[in-house]
Protein chains: 2
Amino acid sequence: MEKARREVSPRKLEKQIALASAACSVFGREGYARASVDALAAAAGVSTRTLYNHFPGGKADLFRTVVTWTSGEVREAQLARLQALLDPERPPHPDDLARDLTALARAFVGLMADYPNHFALVRHIHAEADHVPPEVLEAWKDAGPGPVGRALAEAMTGLADAGLIDLHGDAAMAGAHFTALSSHSIVQLSHYGVLPLPKEETDRLIEGGVLAFLRAYRAGRA
Amino acid sequence: MEKARREVSPRKLEKQIALASAACSVFGREGYARASVDALAAAAGVSTRTLYNHFPGGKADLFRTVVTWTSGEVREAQLARLQALLDPERPPHPDDLARDLTALARAFVGLMADYPNHFALVRHIHAEADHVPPEVLEAWKDAGPGPVGRALAEAMTGLADAGLIDLHGDAAMAGAHFTALSSHSIVQLSHYGVLPLPKEETDRLIEGGVLAFLRAYRAGRA
DNA sequence: GGAGAATTACAACGACCGTTGCACTTTCGA
DNA sequence: TCGAAAGTGCAACGGTCGTTGTAATTCTCC
């Protein structure tokens, strides 16, 4: 958490991170309305009063912090995986394209299991979009889906430049179709990662999605 | 609403429908936790007390009823559109395949605009899956996504039998890929239909999705 | 060890909520 | 027209919640 909420001593930062981390779990599980301040404080092993000392704005203030913080965390993880598996500078060998794309899809889907609190929180943001302050919504979009979508579009452009795929005129759409095909069914069936889908089923859906993507976007077709 | 909650007089039924319809709007906008019983009653133009007369179980009872009722409504609408646009008995002419699939995708996306309350409610169900009684979750799945997914798979099988598409071994997955490609981006960008996406952009995304689907599934390819 | 900051426990407040009981009024069919 | 069924307004209950104040306690670092 490189961006401190308010320029403060390292000791305060530690507690604030503990609070934000615990709050992410509670907000994700309960949602904003149901999450009581007492529960938020207890989850961080902290008295209610110190929560208000660190976040003068109370529950809303903490929520705002949590959203931007966790969104940044997950974005970094996602960008790292994308960079590692599909570096635009070093396109894969044609024979490895399917394998690499499958690995990328698996990595994306795996994020839901690695950051369940974050994605639970995002689901609540989606549902309560009307009640979330617009600035928070913007912060989330800027910290999460925005950069990732752009990076994925870049990666697709890289693959196209290497002659591996045909963008059919729209790199962003190709990226969106990749995530749609590789994650839509899994998100649907696993209730956004809540229900544990059998691993073999997950693999089958991912592989099917990647194959469909390649049929639609592999270079050298009609 | 052919299935009456409890076998009752027509007069009661009318009020119960009014209550359920209004409650769908309130629950969708506020979520379960935030929706107050007073607000639910007021939205139906009814006193709090009569709400409890019709739904002895109170808020939870009303919520249960609303979920199954609206899910059934939307399912019927969706099945009707699917039947009208892609009757398995009468497959389209090959030249019309792209046009018909585009129309179907447009119809599916249009549902979100036609039943905004329902989809808002579904979003809340997704987010609060932990707090929704399992029976309600099951009722929703049985009344909504389940039959629609099966019908779509059937339609895909029909297209394959007519030699129009190649299922690549899995009709259900083909159907899932169709909905993924045609709706994923729009759902994402429009925040589940909350933000009004420009019509031209919607059309562009739908058309792109259908074209990608056809590249992946049209018959007579490698 | 002691100054000063940080944290705690505790009580209290006003507000809202879900639910119920009761007496009263409206509605509607026979 | 009458009588039962349905609906209403109101008050009240126990409960939870967000938030704040205060005084006592713990921790950290010089």
Side-chain angles (χ1 to χ4, degrees), chain A residues 4-23 25-67 124 128 130-133 136, chain B residues 1 4-24 26-27 29-67 124 128 130-133 136:
Chain A
R5 287 178 33 71
R6 325 189 193 295
E7 56 303 325
V8 276
S9 65
R11 171 132 168 259
K12 292 198 133 186
L13 247 182
E14 197 176 338
K15 286 262 171 181
Q16 293 187 0
I17 294 182
L19 267 164
S21 170
S25 162
V26 175
F27 276 132
R29 190 178 349 109
E30 307 289 335
Y32 184 85
R34 251 190 262 259
S36 75
V37 175
D38 288 12
L40 291 165
V46 152
S47 89
T48 309
R49 204 60 185 76
T50 60
L51 188 152
Y52 281 97
N53 288 341
H54 284 288
F55 300 89
K59 200 166 135 175
D61 193 359
L62 179 55
F63 184 75
R64 220 171 320 163
T65 304
V66 163
V67 170
H124 278 103
E128 308 197 74
D130 295 344
H131 300 282
V132 176
V136 178
Chain B
M1 182 150 145
R5 279 180 37 71
R6 325 190 193 295
E7 56 305 322
V8 277
S9 65
R11 173 138 166 252
K12 291 196 135 187
L13 246 182
E14 197 176 339
K15 286 264 170 177
Q16 291 188 0
I17 295 182
L19 266 164
S21 169
C24 182
V26 175
F27 276 131
R29 189 177 350 107
E30 308 289 336
Y32 184 85
R34 250 190 264 259
S36 75
V37 175
D38 288 13
L40 291 165
V46 152
S47 90
T48 308
R49 205 60 185 74
T50 61
L51 187 151
Y52 282 97
N53 288 342
H54 283 288
F55 300 89
K59 199 167 136 174
D61 193 0
L62 178 55
F63 184 75
R64 220 171 320 161
T65 305
V66 164
V67 170
H124 281 286
E128 309 197 77
D130 295 344
H131 301 281
V132 176
V136 178

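Numbers restart at 1 for each chain; the letters A, B, ... are given by sequence-line order, proteins then strands. The basis for the numbers below is simple: all heavy atoms, side chains too, and nothing from hydrogens, waters or symmetry mates.
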Engineer: Given that A/Tyr52 and B/Gly45 both sit by DNA chain D, which one's nearest nucleotide is further toward the 5' end?
Structural biologist: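 Counting from the 5' end, the first nearest nucleotide belongs to B/Gly45.
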Engineer: Tell me which of A/Ala33 and B/Thr48 sits closer to the 5' end of DNA chain D, going by the nucleotide each one is nearest to.
Structural biologist: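 With A/Ala33 and B/Thr48 compared, the 5'-side residue is B/Thr48.
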Engineer: So if I take every side-chain heavy atom of B/Ser36 and compare against D/dG7, C/dT19, C/dG18, which nucleotide ends up nearest?
Structural biologist: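 Closest nucleotide among those given: C/dG18.
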Engineer: Which pair of heavy atoms, one from B/Ala33 and one from A/Arg34, lies closest together, and at what distance?
Structural biologist: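 Of all heavy-atom pairs spanning B/Ala33 and A/Arg34, the closest is CB-CG, 4.3 Å.
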Engineer: Counting C-beta onward and ignoring hydrogens, is there a side-chain heavy-atom pair between B/Glu30 and A/His131 closer than 4.5 Å?
Structural biologist: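 Yes, at least one pair of side-chain atoms sits under 4.5 Å.
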Engineer: A/Leu19 has an atom CG; how far is it from atom C1' of C/dT7, in whole Å?
Structural biologist: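 Between C1' of C/dT7 and CG of A/Leu19: 12 Å.
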Engineer: Rounded to the Å, how far apart are A/Asn53 CG and C/dA9 C1'?
Structural biologist: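 In whole Å, C/dA9 C1' lies 13 Å from A/Asn53 CG.
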Engineer: Select one nucleotide: of D/dT8, C/dA9, C/dT19, the one nearest the side-chain heavy atoms of A/Ser47.
Structural biologist: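 Given the options D/dT8, C/dA9, C/dT19, the side chain of A/Ser47 is closest to C/dA9.
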Engineer: Can you confirm whether A/Phe27 sits close enough to A/Leu62 that some side-chain heavy atom of one is under 4.5 Å from a side-chain heavy atom of the other?
Structural biologist: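 They are in contact (side-chain heavy atoms under 4.5 Å apart), so the answer is yes.
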Engineer: What is the distance from CD of A/Glu14 to P of C/dA6, rounded to the nearest Å?
Structural biologist: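 That distance rounds to 14 Å.
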Engineer: Report the distance from atom CG of A/Asp38 to atom P of C/dA11, rounded to the nearest whole Å.
Structural biologist: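 For the pair A/Asp38 CG and C/dA11 P, the rounded distance is 14 Å.
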Engineer: Between C/dT7, C/dA9, D/dG18, which nucleotide gets closest to the side-chain atoms of A/Arg49?
Structural biologist: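 Nearest to the side chain of A/Arg49 among the choices is C/dA9.
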Engineer: May I ask you to evaluate whether B/Thr50 reaches the phosphate of D/dA6, defined as a side-chain N or O under 4.0 Å from OP1 or OP2?
Structural biologist: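 Looking at the OP1 and OP2 atoms of D/dA6, neither is under 4.0 Å from any side-chain N or O of B/Thr50.
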Engineer: Whole angstroms only, please: what is the CZ-P distance between A/Arg34 and D/dG18?
Structural biologist: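 Rounded to whole Å, this separation is 13 Å.
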Engineer: In whole Å, I'd like the distance from the CG atom of A/Leu62 to the C1' atom of D/dG18.
Structural biologist: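 Answer to the nearest Å: 13 Å.
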Engineer: Quickly work out the B/His54 NE2 to C/dT20 P distance and round it to whole Å.
Structural biologist: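 After rounding, the reported distance stands at 16 Å.
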Engineer: Nearest heavy-atom pair of B/Glu128 and B/Tyr32: which atoms, and what distance?
Structural biologist: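 Heavy atoms of B/Glu128 and B/Tyr32 come nearest at OE2-N, 3.7 Å.
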Engineer: Could you work out which one of D/dT19, C/dT19, C/dA9 sits closest to the side chain of A/Lys59?
Structural biologist: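 The closest nucleotide is D/dT19.
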Engineer: What integer distance in Å separates A/Leu51:CG from C/dA6:P?
Structural biologist: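 To the nearest whole Å, that distance equals 16 Å.
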